[in-house]
Amino acid sequence: MRALVVGIRWDEHAARASEAYFSVRKKHTRIHPLLHFSEQDIWQYLRTRGIPQHPLYDQGYRSIGERSFTKPVTDPRASERSGRENENVKIMAKLRAQGYF
C-alpha cells in the first residue's frame with residue numbers, strides 16, 4: 001500500500017477539522033501526524049529543537065503554498081491561512097467534495 005505523510009492540522013481550516021490520522025483514499029493512505037498540533041505547538045517544537053524556519057515567514061507569510069496563490073499576511077489578528085488565495089480555497093473545497101483530496 002502506498003502512503004503519503006501530510007502536515008495538516010485540525011485548527012488550520014474548517015475542511016480539516018474532521019480529518020483522521022489515517023485517511024484511506026483510492027490509491028493511497030494519507031497519514032496526518034500533526035493533526036492535534038496548534039500553530040503555537042509547531043513554532044514551539046521548531047524553537048526547542050533548533051530547526052530553522054523557512055525565510056518566507058520573516059517576510060510575513062504564515063501559510064506557504066503555491067507562489068501564485070499565497071501572499072504575506074499584514075494583519076496580525078488574521079487567521080493563519082488568510083494569505084491563501086480565496087478562489088483557490090473554493091477550488092480545493094470543490095475537489096475535496098469530489099473525492100480528490
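Position 1 is the first residue of the sequence, and the numbers go up from there.
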* Does Pro52 offer a backbone N or O that forms a donor-acceptor pair with the side chain of Arg47 under 3.5 Å? -> no

* Asked: Which heavy-atom pair separates Lys27 from Arg2 by the least distance, and what is that distance?
  -> O-CB, 3.9 Å

* To do: Tell me, with the steps shown, if His54 and Tyr61 meet side-chain hydrogen bond (donor to acceptor under 3.5 Å, both in side chains).
  => CA-CA 10 Å; His54 193 285; Tyr61 289 82; over 6 Å; no

* Asked: Which atoms form the tightest heavy-atom contact between Gly7 and Leu34, and what is the distance?
  -> CA-CD1, 4.0 Å

* Assert yes or no for the condition that the ring centre distance of Trp43 to Phe37 is strictly below 6.0 Å. => no

* Exercise: do Arg30 and His32 side chains pair donor with acceptor under 3.5 Å -> no

* Group every Ile, Leu, Val, Met, Phe, Trp and Tyr by side-chain heavy-atom contacts under 4.5 Å, then state whether Ile8 and Val24 land in the same group. => no

* What's the spacing between Ser79 OG and Glu12 CD if we round to 0.5 Å? -> 10.0 Å

* Answer with yes or no whether the side chains of Glu19 and Ser23 bring together a donor and an acceptor at under 3.5 Å. => yes

* To do: For His36 and Asp41, work out which heavy atoms get closest and say how close.
  => O-OD2, 4.1 Å

* Asked: Are Val5 and Trp10 co-members of a hydrophobic cluster defined by side-chain heavy atoms under 4.5 Å apart?
  -> yes

* With side chain to side chain contact (heavy atoms under 4.5 Å, CB included) as the test, would you mind laying out the steps for Ile31 and Leu4 before giving the verdict? => CA-CA 6 Å; Ile31 303 170; Leu4 175 66; over 6 Å; no

* If you look at every heavy atom in Asp11 and Glu39, which pair is closest and at what distance? -> OD2-N, 3.6 Å

* Consider only side-chain heavy atoms of I, L, V, M, F, W and Y, link residues closer than 4.5 Å, and tell whether Val73 and Tyr57 are in one cluster. => no

* Audit row: Arg9, Arg16, side chain to side chain contact (heavy atoms under 4.5 Å, CB included) steps and yes/no -> CA-CA 7 Å; Arg9 302 187 331 266; Arg16 297 174 175 175; over 6 Å; no

* So, for Thr70 and Ile64, which heavy atoms are closest and what is the spacing to 0.1 Å? -> CG2-CA, 4.1 Å

* **Leu35 with Val6, same ILVMFWY side-chain cluster at under 4.5 Å** => yes

* CG-CZ distance between Leu56 and Arg67, expressed to the nearest 0.5 angstrom -> 8.5 Å

* Under 6.0 Å from the CD atom of Gln44, do we count more than 12 heavy atoms belonging to anything else shown? -> no

* **Over 12 non-hydrogen atoms of neighbours within 6.0 angstrom of OH in Tyr45** => no

